[in-house]
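Input: a single structure, listed below in structure tokens.
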2 protein chains.
Amino acid sequence: MSRTKKDDKPAGWRKAEIIEAAAQCFMERGYHATTVDDVATRLNATKGRIYHHYATKTDLFFDVHRTGMDRLFSAIRPVHDRGGPARERLVAMLLAHARAMLEHHTYETVVAQGVQVHRFDQTTEGQRQTMRDLIATRDTLEQLFKSTLEDAIAEGTLAARDVSIAVKVLLGGLQWSIFWYRPQPGETEADRVALAEKMVAPLVAGLRAAD
Amino acid sequence: MSRTKKDDKPAGWRKAEIIEAAAQCFMERGYHATTVDDVATRLNATKGRIYHHYATKTDLFFDVHRTGMDRLFSAIRPVHDRGGPARERLVAMLLAHARAMLEHHTYETVVAQGVQVHRFDQTTEGQRQTMRDLIATRDTLEQLFKSTLEDAIAEGTLAARDVSIAVKVLLGGLQWSIFWYRPQPGETEADRVALAEKMVAPLVAGLRAAD
């Protein structure tokens with residue numbers, strides 16, 4: 001009966017379930033140690049159900065990676081597109097990025113593993129193309145920050161600097177949270193906002209006597 | 001003849017060779033995909049030579065991890081101990097940290113993998129103790145920065161803030177370089193210093209109109 005119900009779910013929903021379970025597995029055990037069996041076990045499903053959607057573990061990994069990138073984009077792009085003074089926009093974008101890193105911690109941890117998969121694995125041409133697309137997406141995300149930094153320099157609210165390195169360091173400072181942050185039981189949205197503000201504060205203030 | 005020469009080397013030197021080769025392997029392929037055979041092949045040696053020093057791959061990994069932490073410490077502690085105004089010391093410590101991250105890129109990439117090994121692997125009690133020691137070392141390193149931030153706040157040259165989160169974000173901004181930095185052929189010490197300065201600049205200046 002419950003099985004029949006499950007089969008009634010739209011295909012997209014079932015795929016989202018697989019991606020969610022895979023994200024958990026990859027985060028906990030890493031790309032290499034995770035098997036399709038692990039993901040199936042977590043879903044209480046058969047391997048066949050996963051192979052129906054994904055030819056290999058690597059393809060499944062890429063979909064988790066893509067989901068993680070999409071969630072960052074969805075958090076940051078609207079703030080970027082809102083317009084207004086560039087420096088204020090930049091602060092709001094950093095805050096949105098920090099919040100997204102915390103809220104989607106599982107996925108963003110897997111995104112960081114993606115660099116390693118790229119380095120380590122023998123992949124097919126199709127998979128290499130997917131990897132290039134994912135890297136292009138990451139570059140586009142960085143570009144949103146770079147152009148906003150350039151706008152702030154042009155409007156005179158930010159000192160001139162190496163914009164490319166600055167973006168890598170600012171985003172890296174927030175992204176490093178994959179190594180030290182762990183969602184706490186009972187943690188609320190307000191808790192994550194408060195933590196995100198503490199993370200962004202030193203980047204905005206710099207090493208100054210007054211914020 | 002060259003083999004005899006090699007055998008004449010002090011035991012410590014041979015161990016350092018193994019650690020160096022292992023660091024390269026772990027960086028390139030990751031902890032899970034690297035085998036003791038890979039390390040032996042890179043050394044043009046037998047597995048036996050490695051097992052003479054290390055009972056398992058995990059123990060070898062820990063020595064690479066420890067070496068990476070030691071190198072960070074050796075770079076930062078003297079700057080910390082030099083004394084003087086806390087804010088200037090903090091800037092110098094960040095610069096030393098950035099330089100060490102670039103110079104010891106291979107080892108520091110493996111240090112970051114250490115978090116994952118801790119998460120993923122079934123380890124022995126002895127290995128868990130080693131892991132606790134390594135985590136304690138990392139905490140001590142962070143403590144050098146925390147106490148210097150607190151000194152700068154006390155001397156009035158730094159606005160009060162959450163020191164613990166600030167240190168994680170500042171160091172994370174520099175440590176994220178393991179994901180984007182790759183040593184370039186012909187790169188000099190001066191090149192690395194120039195890059196380290198560009199990395200530290202946005203952390204020191206914050207999002208301000210003038211540096």
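Computed from a predicted structure; not experimentally measured. Just so we're on the same page: letters track the sequence lines, and every chain starts at 1. When reading the values below, keep in mind they use all heavy atoms of this one structure, side chains included, and skip hydrogens, waters and symmetry mates.
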Contact summary for A205(B) and R161(A), nearest pair of heavy atoms: CB-NH2, 3.6 Å
Closest heavy-atom pair and its distance - A209(B), G156(A): CB-O, 3.4 Å
For chain A, the option from V91(B), L158(B), L90(B) that forms the most heavy-atom pairs under 4.5 Å: L158(B)
Minimal non-hydrogen separation, K168(B) against W176(A), with atom names: O-CD1, 4.3 Å
Side chain / backbone / both / neither for L94(B) at chain A, heavy atoms under 4.5 Å: side chain
Segment of I165(B) engaging chain A (4.5 angstrom heavy-atom cut-off): side chain
Distance in Å, L207(B) CG paired with L149(A) CG, rounded so as to fall on 0.5 Å steps: 7.0 Å
Geometric class of the F179(B)/F179(A) ring pair [parallel <30°, tilted 30-60°, perpendicular >60°]: parallel
Chain B contact via L170(A) - side chain, backbone, both or neither, heavy atoms under 4.5 Å: side chain
Atom pair CH2 (W180(B)) and CZ (R138(A)), whose distance is rounded to the nearest 0.5 Å: 12.0 Å
Option that, when pairs with chain A are counted at under 4.5 Å, heavy atom only, ranks first among R87(B), E155(B), Q175(B): Q175(B)
R29(A) to H32(B) - nearest heavy-atom pair and separation: O-CE1, 4.3 Å
Nearest-0.5 Å distance that lies between atom CG in L195(A) and atom CG in D162(B): 8.5 Å
